[in-house]
Amino acid sequence: MSYVPIARAPAAPKISEVALLPQDRLFVLTGAGISAESGLATFRGSGGLWNGFAVQDVATPEAWLQDPARVWNFYSMRRRDASAAKPNPAHLALAAAEEKMGDRFYLCTQNVDDLHEQAGSRRAHHMHGKLFESRCTSCEHILPDRALYTDAQKLPHCGICAAPMRPHIVWFGEVPLDLTGISRQLTAATVVLVVGTSGSVYPAAGFVYAARERGIRTVYLGPEPPDNADAFDEIVLGTASEALPTFL
Ligand code: BV8
Ligand code: ZN
């Protein structure tokens with residue numbers, strides 16, 4: 001009687017070969033890199049100069065106090081560029097994951113553009129504010145605003161209290177929005193996926209360390225290792241629009 005080897009059960013795939021398990025709770029943090037393939041400049045890519053402006057001259061409270069017209073000019077150019085941009089397969093894949101996973105999915109973005117929303121994401125948290133909202137410097141009234149303010153004599157004022165309106169953006173030196181909510185979502189996660197960010201700005205770049213301390217699986221996805229690469233269990237090298245749909 002010839003020996004017929006029993007069919008070996010396929011080796012259980014290594015965890016890193018299986019992107020997500022059915023019971024996983026996914027916390028996603030995105031940065032400028034996810035919008036790069038939609039044509040929007042990254043901070044790093046433009047070598048710290050951004051549309052010709054140095055970040056510290058346009059993205060700090062001091063810059064606002066010193067020259068609000070220059071700040072509005074900068075954000076008006078960002079509004080113009082972002083209005084022409086379209087979401088890419090990476091944004092669409094995250095919107096599909098939100099739909100499929102429900103409350104097991106949480107998206108926090110450092111980006112101020114609205115490409116996640118254009119792709120269908122309904123619950124993206126913009127921890128650094130939103131380009132298409134303006135906020136009153138006095139009564140803090142926030143309103144949707146896609147207008148471009150390039151005439152220093154015609155800067156916007158609040159319809160309620162007449163104080164100057166500013167971009168609803170978290171500048172350097174200001175506290176990001178809803179850090180408590182972010183932290184709650186982070187500690188409930190089983191997988192933290194970070195996409196397209198240099199990991200150079202805190203507290204956002206620190207989320208992965210907090211996850212690692214809790215034994216949460218951490219994955220980075222982007223074309224090059226980020227500054228906080230040492231904190232990740234896995235690094236998937238690739239562009240967001242190629243690698244993210246595959247991972248999800
Ligand atoms: C705060 C809105 C107190 C503005 C932004 C010294 C040491 C450490 C920290 C500090 C320090 N001095 C000051 C600080 C604090 C400071 C900070 O971290 N500074 C850095 C420069 C050292 N942080 C702050 O001021 C923050 N506030 O600390 O308040 C506090 C905090 C907590 C509790 C109490 C009090 C506020 C920071 C928010 C500033 N606002 N955005 C606007 O948009 O105009 S930050 C802005 O830059 C982004 O939002 C993002 O957070 C950050 C970095 O940008 P990235 O998204 O990472 O983009 P980047 O260009 O850097 O990288 C692009 C990546 O994409 C690259 O990795 C690239 O490889 C990748 N990529 C490229 N192509 C693709 C791709 N990936 C995928 N696919 C592709 N195709
Ligand atoms: Zn007001």
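Every number for a ligand or one of its atoms is a count from 1 in the order of the listing. Predicted, not measured: the structure shown is a model, and the values here were computed from it.
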Do Ser121 and His91 have a side chain donor and acceptor closer than 3.5 Å? no
Regarding His126 and Glu117, do their side chains bring together a donor and an acceptor under 3.5 Å, going by distance alone? yes
Verdict with supporting geometry, Ile182 and Tyr106, side chain to side chain contact (heavy atoms under 4.5 Å, CB included): CA-CA 9 Å; Ile182 295 171; Tyr106 173 79; 3.5 Å; yes
Nearest protein heavy-atom contact for atom 32 (C) of ligand 1: which residue, which atom, what distance? Leu179 CD1, 3.7 Å
Can Lys86 and Asn88 be said to form a side chain to side chain contact (heavy atoms under 4.5 Å, CB included), step by step? CA-CA 6 Å; Lys86 291 281 165 264; Asn88 65 57; over 6 Å; no
Determine whether any heavy atom of Met127 lies closer than 4.0 Å to an atom of ligand 1. no
Under 4.0 Å between heavy atoms, the region of Leu131 that gets near ligand 1 turns out to be neither
May I ask you to check if any N/O/S atom from His141 comes under 2.8 Å of the Zn ion (ligand 2)? no
Within a distance of under 4.0 Å, is there any protein heavy atom near atom 3 (C) of ligand 1? no
Rounded to 10 degrees, the angle SG of Cys158 makes with SG of Cys136 at the Zn ion (ligand 2): 110°
Does this structure show an ion pair linking Asp233 with Arg212, if we count only N-O contacts that are shorter than 4.0 Å? yes
Less than 3.5 Å apart, any donor N or O on the side chain of Thr150 or Asn73 sitting next to an acceptor on the other? no
Looking only at the side chains, is there a donor atom on one of Asp227 and Ser200 sitting less than 3.5 Å from an acceptor on the other? no
Could you check which of Gln110, Glu242, Glu174, His126 puts a non-hydrogen atom nearest to atom 27 (N) of ligand 1? Glu174
Work out which heavy atom in Ala36 is nearest to a heavy atom in Thr42; give both atom names and the distance. CB-CG2, 4.1 Å
Is the shortest N/O to N/O distance between Ala32 and ligand 1 below 3.5 Å? yes
Name the closest protein heavy atom to atom 61 (O) of ligand 1, giving the residue it belongs to and the distance to 0.1 Å. Ser198 OG, 2.6 Å
Closest to atom 21 (C) of ligand 1 among Phe74, Phe43, Phe172 (heavy-atom distance): Phe172
Can a non-hydrogen atom of Val195 be found less than 4.0 Å from any atom of ligand 1? no
Measure from atom 38 (C) of ligand 1 to the protein's non-hydrogen atoms and state whether any distance is below 4.0 Å. yes
For residues Gln110 and Thr197, is any side-chain donor paired with an opposing acceptor at under 3.5 Å? yes
Passing candidate, salt bridge (charged side-chain N to carboxylate O under 4.0 Å, His left out) with Glu99, options Arg122, Arg123, Arg104: Arg122
Can you confirm if the NZ or CZ of Arg166 lies within 45° of the ring axis of Trp171 and under 6.0 Å from the centre of its six-membered ring? yes
Name the closest protein heavy atom to atom 73 (N) of ligand 1, giving the residue it belongs to and the distance to 0.1 Å. Ala36 CB, 3.7 Å
Report the C-alpha distance between Leu148 and Arg80 in whole Å, list the side-chain angles of each, state the deciding distance to 0.1 Å, and finish with yes or no for side chain to side chain contact (heavy atoms under 4.5 Å, CB included). CA-CA 7 Å; Leu148 306 186; Arg80 186 199 56 206; 4.2 Å; yes
Does atom 6 (C) of ligand 1 have a protein non-hydrogen atom under 4.0 Å from it? no
Path from Leu92 to Leu248 over hydrophobic side-chain contacts below 4.5 Å: no
4.0 Å protein heavy-atom contact status of atom 53 (C) of ligand 1, strictly under: yes
Ligand 1 contact by Ser200, heavy-atom criterion under 4.0 angstrom: yes
Only residue of Leu244, Asp24, Leu29 satisfying side chain to side chain contact (heavy atoms under 4.5 Å, CB included) with Leu193 is Leu244
Is at least one protein non-hydrogen atom found at under 4.0 angstrom from atom 11 (C) of ligand 1? no
Considering only protein heavy atoms, which is closest to atom 40 (N) of ligand 1, and at what distance to one decimal place? Val170 O, 2.8 Å
Under the side chain to side chain donor-acceptor pair (under 3.5 Å) criterion, do Gln23 and Thr190 qualify, and how do the steps go? CA-CA 9 Å; Gln23 70 276 18; Thr190 59; over 6 Å; no
How wide is the angle at the Zn ion (ligand 2) between SG in Cys161 and SG in Cys139, to the nearest 10°? 120°
Closest by any non-hydrogen atom to atom 55 (P) of ligand 1: pick that one out of Ile169, Thr197, Val201, Thr109. Thr197
Look at atom 79 (C) of ligand 1 and say which protein heavy atom is nearest, naming residue and atom and giving the distance to 0.1 Å. Gly33 O, 3.3 Å
For ligand 1, is any non-hydrogen atom under 4.0 Å from Tyr220's backbone (N, CA, C, O), its side chain (CB onward), both, or neither? side chain
Quick look: Ala204 vs ligand 1, heavy-atom contacts under 4.0 Å, and the answer is neither
Just by distance, with hydrogens left out, do Asn228 and Tyr202 show a side-chain donor and acceptor under 3.5 Å apart? no
Are any non-hydrogen protein atoms located under 4.0 Å from atom 25 (O) of ligand 1? yes
Heavy atom of the protein closest to atom 8 (C) of ligand 1 (residue, atom name, distance): Tyr202 CD1, 4.5 Å
For Asn111 and ligand 1, does the shortest N/O to N/O distance drop below 3.5 Å? no
Give the C-alpha distance, both sets of side-chain angles, the deciding distance and a yes or no for side chain to side chain donor-acceptor pair (under 3.5 Å) between His125 and Thr109. CA-CA 6 Å; His125 172 53; Thr109 184; over 6 Å; no
Does Arg135 pair with Asp145 as a salt bridge, N-O distance under 4.0 Å? no
Backbone or side-chain N or O of Trp171 under 3.5 Å from ligand 1 N or O: no
Looking only at distances, please establish whether an N/O atom of ligand 1 is found under 3.5 Å from an N/O atom of Ala240. yes
Heavy-atom proximity to atom 80 (N) of ligand 1, best of Glu37, Gln56, Lys130: Glu37
min-distance protein heavy atom vs atom 30 (C) of ligand 1 -> Val175 CG2, 4.1 Å
Answer yes or no: does an N/O atom from Pro176 fall short of 3.5 Å to an N/O atom of ligand 1? no
Determine whether any protein heavy atom is located less than 4.0 Å from atom 14 (C) of ligand 1. no
